Amino acid sequence: MIQSRTVLIAALMAMGLFVEAFGEGAPRGADRNWHAWRGPLATGEAPKADPAVEWGEKKNVRWKVEIPGRGHAAPIVWGDRVYIQTAVETSKEAEAAADVAGDVPVFATLQPGGSPPEGERRRGGGRGGRGRNRPPAPKNLYDFKVLALDRKTGKTVWSKTVREEKPHEAGHSDASQASNSPVTDGEHLYAYFGSRGLYGLTLDGKVEWEVDLGDMRTRNEFGEGSSPVLHGDTLIINWDHEGNDFIVAFDKKTGKERWRVERDEPTSWSTPIVVEVEGKPQVVVTATNRVVAYDVETGKEIWSCGGMTANTIPSPMAADGLLYAISGFRGAALLAIDYAKAKGDITETPAIAWTYDRDTPYVPSATLYNGRLYFVDNNRPLLSCLDAKTGKPHYEKERLAGIDGVYASLVAAKGRIYVVGRDGTTLVIKDGPKFEVLATNELEDGFDASPAIAGDELFLRGTKHLYCIADTD
């Protein structure tokens with residue numbers, strides 16, 4: 001009897017710790033899975049994982065499978081399955097249609113200063129410039145697919161085409177038509193393809209509902225990328241583009257719209273996060289003009305501040321009472337926000353705990369791990385590490401030898417930071433105030449999609465293949 005009570009108390013304590021760490025809106029079991037973009041904590045950390053440190057094509061590759069089509073959507077992992085989104089170009093030519101993005105302002109290049117950053121020329125790629133950055137307009141229909149793979153073998157369990165359509169924008173040459181990542185609550189799967197719709201599916205691939213939000217007109221047709229955020233029974237989508245902007249919340253069970261709030265932003269690609277203040281959830285969006293927090297239940301704006309750069313892509317993160325908003329296009333910005341103190345316009349108020357104004361990332365999101373912030377400079381293989389409470393640097397712009405450019409977001413587990421390069425090299429860095437490389441690993445694929453970590457496995461989506469990396473000895 002005493003032993004049973006002890007077990008019960010331990011279980012309740014564990015549940016309490018889970019709620020404290022993940023919030024009441026996280027699905028149970030999230031800490032052992034990778035249920036969404038940026039993982040269970042929305043920071044890039046896998047808190048219960050212990051992935052491999054070393055690998056190569058002939059070492060610690062549990063399986064490697066080809067994924068049809070092209071997509072930069074990160075894989076998610078739940079239970080015995082891996083879920084992934086892709087866009088497969090068909091041979092069916094679509095009827096001609098008007099270019100709805102014809103009045104979008106044109107900018108010379110994706111990169112600051114009119115040229116790609118150091119290390120940005122990848123295999124088969126070219127230098128910057130509008131013509132080179134935008135491929136020809138799509139002519140054929142695409143199959144927008146959701147795939148479920150067996151986690152042990154990589155074999156396809158099911159494949160579902162949710163829409164067949166010709167994309168209305170070409171996208172950046174480094175982008176894809178399936179860059180938004182799915183999310184799951186462990187009972188259903190929510191697949192989001194931006195202009196191609198939002199879908200609620202069973203875990204067996206049956207579409208139960210769908211929502212069409214219209215067509216985005218992205219800046220310079222660079223493409224789409226923001227992913228949905230799930231809190232409890234609410235799904236939230238941010239829709240910033242060159243047309244009418246909004247943030248919108250849906251009932252996850254039915255797809256019914258709960259609220260919608262207009263915004264005024266240029267195109268942004270950042271995925272929102274949810275934080276809680278006195279038990280009340282706020283969804284926070286980072287964008288060029290403002291960082292804004294909305295009440296999850298009503299959509300009412302709670303606070304906002306300026307301070308980001310243009311083309312905001314990295315997702316915000318939060319831990320220990322501070323929220324970190326970060327961007328790095330044509331400038332550098334990192335704000336640490338004490339969101340419990342935040343009300344109204346908090347620009348240059350005590351609610352801003354500290355700021356940092358150099359060497360922040362453009363495309364890849366940072367990771368927040370053990371009280372330290374890790375991020376690269378723009379898209380360059382230069383790593384910085386800051387104390388998350390004070391903003392004081394532990395080290396800055398340490399060169400990641402062997403990596404040639406970074407688009408994938410940083411991830412962390414078991415005292416290690418994983419930085420995946422575009423040309424197939426991944427560096428494993430020791431977590432801590434001193435820079436130390438534990439391993440340099442190479443694969444025969446290029447990587448722009450962000451990794452996922454669950455259990456002892458690291459999942460890497462390349463241009464052609466999905467790898468499951470794990471100790472095989």
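Only a predicted model underlies this, so the values are computations on that prediction, with no experimental measurement involved.
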Pairwise distance CG(Leu198) to OH(Tyr190) - rounded to 0.5 angstrom: 9.5 Å

Would you call Arg422 and Asp448 a salt bridge, taking side-chain N to carboxylate O under 4.0 Å as the test? yes

If we check salt bridge (Lys or Arg N to Asp or Glu O under 4.0 Å) with Asp431, which of these qualifies: Arg372, Lys414, Arg416? Arg372

Given Glu242, His241, Glu169, the one that forms side-chain hydrogen bond (donor to acceptor under 3.5 Å, both in side chains) with Thr218: Glu169

For the pair Lys256 and Asp251, find out whether any cationic side-chain nitrogen is under 4.0 Å from an anionic carboxylate oxygen. no

Which residue in the set Ile403, Leu427, Val376 passes side chain to side chain contact (heavy atoms under 4.5 Å, CB included) when paired with Pro381? Ile403

Rounded to the nearest 0.5 Å, what's the gap from CD1 on Ile67 to NZ on Lys145? Could you check? 11.5 Å

Are the side chains of Trp239 and Asn244 in touch, meaning some heavy atoms are under 4.5 Å apart? no

Is any side-chain heavy atom of Asp345 closer than 4.5 Å to a side-chain heavy atom of Arg290? yes

Distance check, rounded to the nearest 0.5 Å: Glu396 atom CD versus Phe375 atom CZ? 7.5 Å

Can you check whether Phe222 reaches Asp174 side chain to side chain, under 4.5 Å on heavy atoms? no

When rounded to the nearest 0.5 angstrom, what is the spacing between NE2 in His72 and OG in Ser176? 5.0 Å

CZ/Arg81: more than 12 non-hydrogen atoms of other groups inside 6.0 Å: yes

What I want to check is whether the side chains of Thr271 and Arg38 have a donor and an acceptor closer together than 3.5 Å. no

Would you say the side chain of Thr360 lies within less than 4.5 Å of the side chain of Asp377, judging by non-hydrogen atoms? no

Check whether any side-chain heavy atom of Ile84 lies under 4.5 Å from a side-chain heavy atom of Arg461, and answer yes or no. yes

What is the minimum heavy-atom distance between Trp34 and Gly44, and which atoms define it? CH2-O, 3.6 Å

Compute whether any side-chain donor of one residue and acceptor of the other, for Thr288 and Glu265, lie under 3.5 angstrom apart. no

When you compare the side chain of Leu373 with that of Leu334, does any pair of heavy atoms fall below 4.5 Å? yes

Non-hydrogen atoms of Met308 and Ser327 that approach each other most closely: SD-OG, 3.5 Å

Side-chain heavy atoms of Leu41 within contact of Tyr369, under 4.5 Å: no

I would like to know whether Tyr294 and Ile236 meet side chain to side chain contact (heavy atoms under 4.5 Å, CB included); could you show each step before the answer? CA-CA 11 Å; Tyr294 303 90; Ile236 302 170; over 6 Å; no

Can you check side chain to side chain contact (heavy atoms under 4.5 Å, CB included) on Val363 and Phe329, steps first, answer last? CA-CA 9 Å; Val363 172; Phe329 174 68; over 6 Å; no

Check the side chains of Gln85 and Tyr199 for a donor-acceptor pair under 3.5 angstrom, ignoring hydrogens and angles. no

Heavy-atom pair of closest approach, residues Val420 and Val406: O-CG1, 3.7 Å

Kindly give the heavy-atom pair with the smallest separation between Ile429 and Val437, and that separation in Å. CD1-CG2, 3.8 Å

Ionic contact status for Asp359 with Arg380, cut-off 4.0 Å: no

Less than 4.0 Å between a side-chain N and a carboxylate O, is that true for Arg258 and Asp233? yes

For Thr286, run the side-chain hydrogen bond (donor to acceptor under 3.5 Å, both in side chains) check against Ser315, Ser270, Ser268 and tell me which one passes. Ser270

For Pro228 versus Ile237, what's the shortest heavy-atom pair and its separation? CB-CD1, 3.4 Å

Is the shortest distance from a Lys or Arg side-chain nitrogen in Asp387 or Lys392 to a carboxylate oxygen in the other one below 4.0 Å? no

Under the side chain to side chain contact (heavy atoms under 4.5 Å, CB included) criterion, do Phe246 and Leu213 qualify, and how do the steps go? CA-CA 10 Å; Phe246 55 85; Leu213 292 167; 4.3 Å; yes

Find the distance between SG (Cys305) and CG (Leu335) and round it off to the nearest 0.5 Å. 5.5 Å

Please check if the number of heavy atoms outside Glu348 that lie under 6.0 Å from its CD is greater than 12. no

Between Tyr324 and Trp354, what is the ring plane arrangement, given parallel below 30°, perpendicular above 60°, and tilted in between? tilted

Using a strict 4.0 Å threshold on nitrogen-to-oxygen distance, state whether Asp445 and Lys64 make a salt bridge. no

Calculate, to the nearest 0.5 Å, the distance between atoms CZ and CD1 belonging to Phe435 and Ile417 respectively. 11.5 Å

Side chains of Arg263 and Asn238, donor plus acceptor under 3.5 Å: yes

Residue pair Arg358, Tyr356: steps toward the side chain to side chain contact (heavy atoms under 4.5 Å, CB included) verdict: CA-CA 6 Å; Arg358 58 188 181 274; Tyr356 186 83; 3.6 Å; yes

So for atom CD, which belongs to Glu436, do other residues, nucleotides or ligands contribute more than 12 heavy atoms lying within a distance under 6.0 Å? yes

Are the side chains of Glu398 and Leu382 in touch, meaning some heavy atoms are under 4.5 Å apart? no

Closest non-hydrogen atom pair between Trp78 and Asn33, with its separation: CA-OD1, 3.3 Å

With Gln282, which of Ile302, Val292, Val274 fulfils side chain to side chain contact (heavy atoms under 4.5 Å, CB included)? Ile302

Looking at Trp259 and Val296, would you say the former's side chain and the latter's main chain have a donor-acceptor pair under 3.5 Å? yes

Taking Glu210 for its side chain and Gly197 for its backbone only, find out whether a donor-acceptor pair lies under 3.5 Å. no

Does atom CG of Asp320 have more than 12 heavy-atom neighbours, drawn from other residues, nucleotides or ligands, at distances under 6.0 Å? no

